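First comes the structure, then the notes that go with it.
Values below: every heavy atom of this structure, side chains too, minus hydrogens, waters and symmetry copies. Since the structure is predicted, the reported quantities are computational estimates derived from the model, not experimental observations.
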Amino acid sequence: MSFIDEIGRKISQTGQEAVKQTKMMANVTKYKANISALESKVRDAFIFIGKQYFEEHQNDPQAEQIDKMNEIAAYLKEIEEWKFKIQQEKGVLVCQQCGAEVSRESVFCNSCGAKIEKPKPPIVEDAGEKTETSDEDL
């Protein structure tokens, strides 16, 4: 019977080691998830600080990061141009009060009832000259 007892003991040890390994891996996974969540919060805080700095200093020619701030401003302007093109393509406007999309022909927002102001097309710069993009151009 000692041979069978030895096999039983080895199976028991192997099972206990597998349980230990599984528990260890589960804990490591949980700890990594906690680290990832905290890193995300740190990233969000850095983004908030950077955005706040940008908003406070974007018109300050003496700002430390004026080149990057000008770059951000150019990107934001380009984003607005692309959003305008999407609205043109879809035939909608965005309500200034609630952000809902409404038909270009609408006078009032279907969601909040606010009066719809027809926005001016963004100014697009071509080779150093500024021109307004008309509805027909898009």
Look only at the side chain of [X] and the backbone of [Y], and say whether a donor-acceptor pair between them is shorter than 3.5 Å.
X	Y	answer
Ser36	Lys32	no
Thr22	Ala18	yes
Ser12	Gly8	no
Lys118	Arg104	yes

From [X] atom [atom1] to [Y] atom [atom2], the distance as rounded to the nearest 0.5 Å:
X	Y	atom1	atom2	result
Ser106	Glu101	OG	CD	11.5 Å
Lys20	Gln16	NZ	CD	7.5 Å
Glu117	Cys95	CD	SG	10.0 Å
Arg9	Thr14	CZ	OG1	10.0 Å
Phe84	Leu93	CZ	CG	8.0 Å
Glu17	Gln21	CD	CD	6.5 Å

Other residues, nucleotides and ligands only: do more than 12 of their heavy atoms fall within 6.0 Å of [atom1] on [X]?
X	atom1	result
Glu71	CD	yes
Glu56	CD	yes
Met24	CE	yes
Gln58	CD	yes

Side chains of [X] and [Y], heavy atoms from C-beta outward: is any pair under 4.5 Å?
X	Y	value
Asn27	Tyr31	yes
Val42	Leu38	no
Glu55	Lys51	yes
Cys109	Cys98	yes

- Item | Cluster link Ile66 to Ile72, ILVMFWY, side chain under 4.5 Å | no
- Task: Determine, step by step, whether Lys10 and Glu6 satisfy the side chain to side chain contact (heavy atoms under 4.5 Å, CB included) criterion, reporting the C-alpha distance in whole Å, the side-chain angles of both residues, the deciding distance to 0.1 Å, and the verdict.
- Result: CA-CA 6 Å; Lys10 290 228 184 225; Glu6 185 65 26; 3.6 Å; yes
- Note on the structure: Heavy atoms of Phe108 and Ile116 approach each other most closely as C-CG1, 3.7 Å
- Query: Closest approach of Asn59 and Pro61, non-hydrogen atoms and distance?
  - Reply: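 Closest heavy-atom pair between Asn59 and Pro61: O-CD, 3.2 Å.
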- Message: Do the side chains of Lys77 and Glu80 get close enough for a salt bridge, i.e. N-O under 4.0 angstrom?
- Response: no
- For Tyr53, what residues pass the ring-ring contact (aromatic ring centres under 6.0 Å, His included) criterion, not counting sequence neighbours?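 By the ring-ring contact (aromatic ring centres under 6.0 Å, His included) rule, Tyr53 matches His57.
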